[in-house]
There are 2 protein chains.
Amino acid sequence: MEHGLLEKLAQTKRRLRIGECLYRTGEGFFFLYIIRSGFFKTTLIDKEGREQITGFHMSGEMMGIDGIATDIHACSAFALENSEVCLIPYQQLENTDQSSEAFQHFLRKALSHEITRDENMMMLLGTMRANERVAAFLLYLSQSYLARGFSRYEFYLRMSRAEIANYLGLKIETVSRILSSFQSMGCIETQQKHIVIHDLEKLKHLDSKNMTRSHPLS
Amino acid sequence: MEHGLLEKLAQTKRRLRIGECLYRTGEGFFFLYIIRSGFFKTTLIDKEGREQITGFHMSGEMMGIDGIATDIHACSAFALENSEVCLIPYQQLENTDQSSEAFQHFLRKALSHEITRDENMMMLLGTMRANERVAAFLLYLSQSYLARGFSRYEFYLRMSRAEIANYLGLKIETVSRILSSFQSMGCIETQQKHIVIHDLEKLKHLDSKNMTRSHPLS
DNA sequence: CGGTTTCTTGATTGGGATCAATAGGAGTGG
DNA sequence: CCACTCCTATTGATCCCAATCAAGAAACCG
């Protein structure tokens with residue numbers, strides 16, 4: 001995936017502490033970011049100040065593409081743990097000769113991937129029940145960790161219950177209750193942010209069978 | 001917005017009758033489409049065959065970009081009225097010399113715009129109540145018609161109640177009830193698919209203020 | 001430690017889904 | 001034109017899932 005060009009441009013790095021903001025809604029768009037390590041959330045804020053988390057992002061993912069449309073960042077990005085990102089100057093990309101082919105293609109893929117991701121989220125928010133959403137969320141995390149070489153059965157949540165709830169369009173008490181119910185079903189075990197998945201299949205069935213509604217996340 | 005190159009490539013047109021499918025999930029991705037006239041919906045289908053409408057699209061909008069990521073269309077597009085689209089062969093775009101600069105830029109804008117659109121939808125589905133969703137939907141249509149030179153106060157819905165409900169993550173009865181309540185409030189007037197907006201401001205307040213929650217007592 | 005935040009659990013409410021029945025077009029054929 | 005059917009939309013009654021309200025418990029942190 002185009003590591004040659006990216007490496008050349010991505011010479012600047014930035015470290016962020018937990019809670020720090022990488023970019024903010026309304027700021028000018030100058031960089032694309034590739035997450036080297038750590039964990040982020042991206043959020044939208046509406047006029048009344050209500051926050052909506054639009055995504056969680058981990059190492060290898062690109063962030064910032066929301067700024068391309070208007071040259072202004074449409075959402076904000078916050079580090080949920082100490083993190084490191086590579087900065088890719090966007091203007092240089094547009095001007096670079098070598099960018100014309102392979103990178104353009106890569107960028108388009110990234111954008112389109114983002115669209116797919118968002119549309120899956122719309123499906124989740126539009127059609128799934130609370131327990132299906134939480135199950136889909138756990139499966140999404142499991143899948144993400146697996147893809148990065150970590151255990152798919154055991155991991156630490158980087159986000160709070162409130163952030164999970166917000167992301168899934170639920171309330172914090174509902175998320176907590178559902179996690180407890182999954183635990184009493186023997187699907188999972190939770191100790192605060194530490195999650196162990198005992199029965200991945202049961203979770204998948206919740207996600208796709210329970211109460212005649214479904215669809216996975218990403 | 002790049003009319004020169006687009007015009008050159010977009011020499012083929014296609015007419016669709018109401019209900020016809022422009023492209024379908026799983027089909028190969030060969031064209032981008034620009035809506036010349038008419039009205040479309042794009043949908044996702046999950047494994048159980050249930051549909052989620054991911055967007056409505058009218059003249060001037062581009063469709064098909066969901067296929068770029070995988071070269072397979074991620075969603076399906078259906079005409080909600082007799083329509084006409086221009087076909088832009090995607091491969092030719094990628095190969096065209098002139099495409100390297102301006103069009104790449106244009107395409108990126110389109111993709112990023114799509115992301116913004118989807119994220120707004122996530123906000124709607126994640127944080128808004130039923131009446132706010134319906135209000136936001138009417139305002140969106142009003143705005144779209146205004147932008148195309150039509151009245152922002154009076155228009156015909158191209159989609160059924162069921163399609164509105166699906167799009168907004170609601171049930172058809174709820175949409176119907178809320179439209180009725182808007183009518184009895186004097187905000188709007190509905191006669192089947194014919195909509196007249198009498199009080200745009202009140203709708204905007206519905207959209208941004210949650211009326212039912214912030215009332216502890218009367 | 002004590003103060004603060006986050007998480008869990010219980011009790012109750014309420015918004016929207018569901019179930020059910022009716023009304024209103026739109027289209028067809030007589 | 002009306003009579004008929006089909007389909008969509010409206011309206012009413014009831015139910016249920018998740019929100020809200022409330023109170024502890026556990027973790028976090030100076």
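In what follows, chains carry the letters A, B, and so on, assigned in the order in which the sequence lines appear, proteins first and then strands, with residues in each chain numbered from 1.
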Evaluate the ring planes of B/Tyr23 and B/His73, with Trp represented by its six-membered ring, and classify them as parallel (under 30°), tilted (30 to 60°) or perpendicular (over 60°).
parallel
Rounded to the nearest 0.5 Å, the CG atom of B/Asp118 sits from the OG1 atom of B/Thr54 at a distance of 7.0 Å
Hey, does the side chain of B/Ser180 come within less than 4.0 Å of D/dT11's phosphate (OP1/OP2), counting only N and O?
yes
Length of the CG-C1' vector between A/Leu179 and C/dT9, whole Å
13 Å
Counting the benzene-type ring for Trp, do B/Tyr90 and B/Phe29 have ring centres under 6.0 Å apart?
yes
Could you check whether A/Leu170 gets within reach of a base, just the sugar-phosphate, or nothing at all, counting any heavy atom under 4.0 Å?
sugar-phosphate
Within this structure, what is the CD1-to-P distance between A/Ile18 and C/dT6, rounded to whole angstrom?
11 Å
Rounded to whole Å, please give me the gap between OH in B/Tyr156 and C1' in D/dT8.
17 Å
So CE of A/Met62 and CD1 of A/Ile88: to nearest 0.5 Å the spacing works out to 5.0 Å
So, A/Ser37 and A/Ser59: side-chain donor and acceptor under 3.5 Å apart, yes or no?
no
Ion pair A/Arg50/B/Glu132, N-O distance below 4.0 Å
yes
Rounded distance (Å) that lies between atom P of C/dG15 and atom CG of B/Leu168
19 Å
List in numerical order all residues of residues 190-197 of chain B for which some heavy atom is under 4.0 Å away from an atom belonging to DNA chain D.
B/Gln192, B/Lys193
Report the distance from atom CZ of A/Arg161 to atom P of D/dC28, rounded to the nearest whole Å.
12 Å
OH of B/Tyr167 to CE of A/Met122, rounded to nearest 0.5 Å, is 6.0 Å
Atom pairs, N/O to N/O, protein against nucleotides 19-22 of chain C, distance under 3.5 Å?
residue : atom : partner  : partner atom : Å
C/dC19  : N4   : B/Glu173 : OE2          : 3.2

Between C1' on C/dT8 and CD1 on A/Ile164, what's the gap in Å once rounded to a whole number?
14 Å
Within the structure, does a side-chain N or O atom of B/Thr174 lie under 4.0 Å from either OP1 or OP2 of C/dG16?
no
For the CD1 atom of A/Ile18 and the CG atom of A/Leu80, what is their distance to the nearest 0.5 Å?
7.0 Å
For the pair made of CD in B/Glu163 and C1' in D/dT8, what is the distance, rounded to whole Å?
11 Å
Working note: B/Ile72 + B/Glu27, criterion side-chain contact (heavy atoms from CB on, under 4.5 Å); need CA distance, chi angles, decisive distance, verdict.
CA-CA 6 Å; B/Ile72 300 284; B/Glu27 282 180 6; over 6 Å; no
B/Asn131 CG to C/dA17 P: how many Å, rounded?
12 Å
